[in-house]
Amino acid sequence: MSSHAITSSRMQTLFLSSQDIAQIVRKLGMRDSLTEMAEIIRENYLHWNDFDKSARLAIYSLYGVIELMPIADATHYSFKYVNGHPGNTHLGLPTVMALGALADIDTGYVRLLSELTFTTALRTAATSAVAARALARPDSRCMALIGNGAQSEFQALAFYYLLGVRSLHIFDTDPAASEKLKHNLRAIGLDQSCLDIVICPSAEQALQGADIVTTITADQSQSRVFDAELVRPGMHINAVGGDSPGKTELDPRVLQQGRVFVEFEPQTRIEGEIQQMPADFPVTELWKVLTGQAPGRQSANEVSIFDSVGFALEDFSALRFMYDKAHALGLGVSVSISPTLTNPKDLFGRLGLQSMETCTASVLEH
Ligand code: NAD
């Protein structure tokens, strides 16, 4: 994408619907979508200091949260609008829905408006994989996946393709969600010989023999999705579902069993599992591990915990990725979000009102 000055003839915004995003993923395939998404996220984490970053702006209610997530580098600005409403599935709506925009920093012109619901699931799974590749034991093959809702297939596949996980122990308080997860993974051709999938009756059973534990549940409460005593030496815990104040998944004792890694510390202190810990509880930002400025896993017995809440840099990466793919594949439609003006100072003239208005004087006479 060019960031040079734009002429009025190029002033079009690309709109990508959820159908367009689904088509991109179908054309690329899940393996390549996740692999390429993970790579662009990792690349951008390597350029951490090039980004103008802030914690997201959240409005909390009894039902959930609605957040705005802005970020920019020297050439582009992006934001995501995203909600998290754990009760939504009872209303026939997803827990998480999102949209976003990508703009040129030099003019503010919006280049892309996109759905980000599918895209968030992809980027979250890709981010989990980027973190796990730096933090989990390289010989990790078995993952417990607690919470088998909308995000779960994406997580399962990111760990299958990018980490080499070959066995999944899945658990959800809603058994139908686990059946759906297993069915969806089998339906895309991952049979027993590729991926062993065991539906477990409890989180405790799911954690038996697991090298990696992914928690991606939705509950508007301070949950304890598994007992702290179940953590084994060498485990990597990918805690993704606890992502706003009062909405956590881990017993605080889990956080004391290993080193904790976060995306953007000021945001995670408010929203992550570490909201349960003192303000000086030590954490390491992921970018420092990826750039080699801080150690990741230091021994096979160490417990690592990725306290993920989702950061704007991941959505920035995802928007750039989808924009480039849509162009390459000829997908999406051009929309006129801003009026095209022959004279940029004559906004009013573009309304075309002249011949439609009656004289003010005659209106006042009545
Ligand atoms: P979802 O509602 O589709 O699925 C959540 C599942 O968790 C449901 O099937 C529910 O039955 C299950 N569940 C709830 N409590 C449980 C428990 N104690 N044990 C086992 N299962 C339990 O939601 P989703 O879209 O899959 O999102 C899951 C969570 O991930 C949400 O909390 C969301 O806010 C969070 N999320 C985080 C990020 C991030 O970047 N960190 C990104 C997207 C979503």
Side-chain angles (χ1 to χ4, degrees), residues 37 41 56 58 60 63-67 69 80 82-98 100 116-131 144-156 158 169-182 184 199-207 213-227 230 237-251 261-264 267-268 270-274 286 305-315 317-318:
M37 183 80 87
I41 289 171
R56 61 189 164 197
Y60 302 105
Y63 315 101
V65 62
I66 297 179
E67 297 160 328
M69 303 171 68
K80 173 162 92 170
V82 62
N83 77 300
H85 285 69
N88 267 8
T89 52
H90 299 296
L91 305 171
L93 286 172
T95 297
V96 176
M97 297 173 283
L116 286 180
T117 303
F118 281 132
T119 308
T120 291
L122 283 163
R123 74 77 155 132
T124 304
T127 302
S128 289
V130 168
L145 182 46
I146 315 295
N148 303 158
Q151 311 295 317
S152 62
E153 289 83 357
F154 298 84
Q155 290 283 329
H169 295 177
I170 65 177
F171 170 68
D172 195 294
T173 46
D174 171 13
S178 302
E179 293 291 351
K180 174 236 36 168
L181 168 59
K182 183 172 180 178
N184 281 343
I199 298 180
C200 298
S202 66
E204 180 173 359
Q205 294 208 14
L207 261 71
V213 181
T214 289
T215 57
I216 188 139
T217 66
D219 193 2
Q220 199 64 19
S221 68
Q222 295 216 303
S223 300
R224 308 275 184 262
V225 301
F226 60 81
D227 287 340
L230 297 172
I237 297 165
N238 174 42
V240 189
D243 56 1
S244 55
K247 178 168 171 274
T248 55
E249 296 181 303
L250 302 184
D251 184 324
F261 300 84
V262 300
E263 290 145 314
F264 181 52
Q267 184 179 306
T268 312
I270 300 165
E271 303 176 352
E273 298 299 328
I274 56 167
L286 179 63
I305 301 140
F306 180 44
D307 182 3
S308 168
V309 295
F311 184 50
L313 179 144
E314 297 147 21
D315 302 302
S317 310

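These figures come from a predicted structure and were not determined experimentally. All ligand and atom numbering here is 1-based and tracks the order in the structure.
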Determine whether any heavy atom of Gly84 lies closer than 4.0 Å to an atom of ligand 1. no
Taking every heavy atom of Val309 against every heavy atom of Gly272, the minimum-distance pair comes out as CG1-CA, 3.5 Å
At less than 4.0 angstrom from any non-hydrogen atom of Ala177, what atoms of ligand 1 do you find? 9 (O)
Looking only at distances, can you tell me whether any N or O atom of Asp219, backbone or side chain, sits closer than 3.5 Å to an N or O atom of ligand 1? no
Counting N and O atoms only, with roles assigned by atom type, does the side chain of Asn83 sit under 3.5 Å from a partner on the main chain of Val96, one being a donor and the other an acceptor? no
Just jot down the ligand 1 atoms closer than 4.0 angstrom to any heavy atom of Thr124, in number order. 38 (C), 39 (C), 40 (O), 42 (C), 43 (C)
Using a plain distance cutoff, I'd like to know if Thr95 has any nitrogen or oxygen under 3.5 Å from a nitrogen or oxygen of ligand 1. yes
Minimum heavy-atom distance Ser152-Gly147, with the two atoms named: CB-O, 3.6 Å
If we ignore angles and hydrogens, is there a donor and acceptor under 3.5 Å between the side chains of Thr120 and Lys80? yes
Report the member of Thr173, Ile216, Leu181 with the shortest heavy-atom distance to atom 20 (C) of ligand 1. Thr173
Numbered atoms and elements of ligand 1 in range of Val225, under 4.0 angstrom, heavy atoms: 18 (N)
Answer with side chain, backbone, both or neither: which part of Ile146 has a heavy atom less than 4.0 angstrom from an atom of ligand 1? side chain
In ligand 1, the atoms that come under 4.0 Å of a heavy atom of Lys247 are 31 (C), 32 (O), 33 (C), 34 (O)
For ligand 1, which atoms have a heavy atom of Ala218 less than 4.0 angstrom away? 2 (O), 5 (C), 7 (O), 14 (C), 23 (O), 31 (C), 32 (O)
Phe264 ring center near Phe311 ring center (under 6.0 Å): yes
Kindly confirm or rule out an N or O of Asp243 lying under 3.5 angstrom from an N or O of ligand 1. yes
Look at atom 39 (C) of ligand 1 and find which of Thr215, Asp315, Val96, Val309 reaches it with the closest heavy atom. Val309
Residue-level breakdown please: for Glu249 versus ligand 1, do any non-hydrogen atoms fall below 4.0 Å on the side chain, on the backbone, on both, or on neither? neither
When you look for heavy atoms under 4.0 Å from ligand 1, do you find them on the side chain of Arg123, its backbone, both, or neither? side chain
Glu271 versus Ser244, side-chain donor and acceptor atoms under 3.5 Å: no
Check each atom of ligand 1 against the heavy atoms of Gly149 and keep those under 4.0 Å away; list them by number with element. 3 (O), 4 (O), 6 (C), 9 (O), 26 (O)
Heavy atoms of Met69 and Asp315 approach each other most closely as CE-OD2, 3.4 Å
Within the structure provided, determine whether Glu204 and Leu230 are in side-chain contact (heavy-atom separation under 4.5 Å). yes
Within ligand 1, which atoms have a heavy atom of Gly310 less than 4.0 Å away? 39 (C), 40 (O), 41 (N)
Give the numbers and elements of all ligand 1 atoms closer than 4.0 Å to a heavy atom of Phe171. 19 (N), 20 (C)
Looking only at side-chain N and O atoms, does Ser128 offer a donor or acceptor that is under 3.5 Å from a partner on Asn238? yes
Can you confirm, on distance only, whether ligand 1 has an N/O atom lying under 3.5 Å from any N/O atom belonging to Ser308? yes
Compute whether any side-chain donor of one residue and acceptor of the other, for Asn148 and Ser178, lie under 3.5 angstrom apart. yes
Flag Glu263 as yes when one of its N or O atoms lies below 3.5 Å from any N or O atom of ligand 1, and as no otherwise. no
Say whether Asp172, considering both its backbone and side-chain N or O atoms, lies within less than 3.5 Å of an N or O atom on ligand 1. yes
Compute the shortest N/O to N/O distance between Thr89 and ligand 1 and return yes if it is under 3.5 Å, no if not. no
Do Glu263 and Thr127 come close enough that some side-chain heavy atom pair is under 4.5 Å? yes
So, Thr217 versus Asp219: side-chain donor-acceptor pair below 3.5 Å or not? no
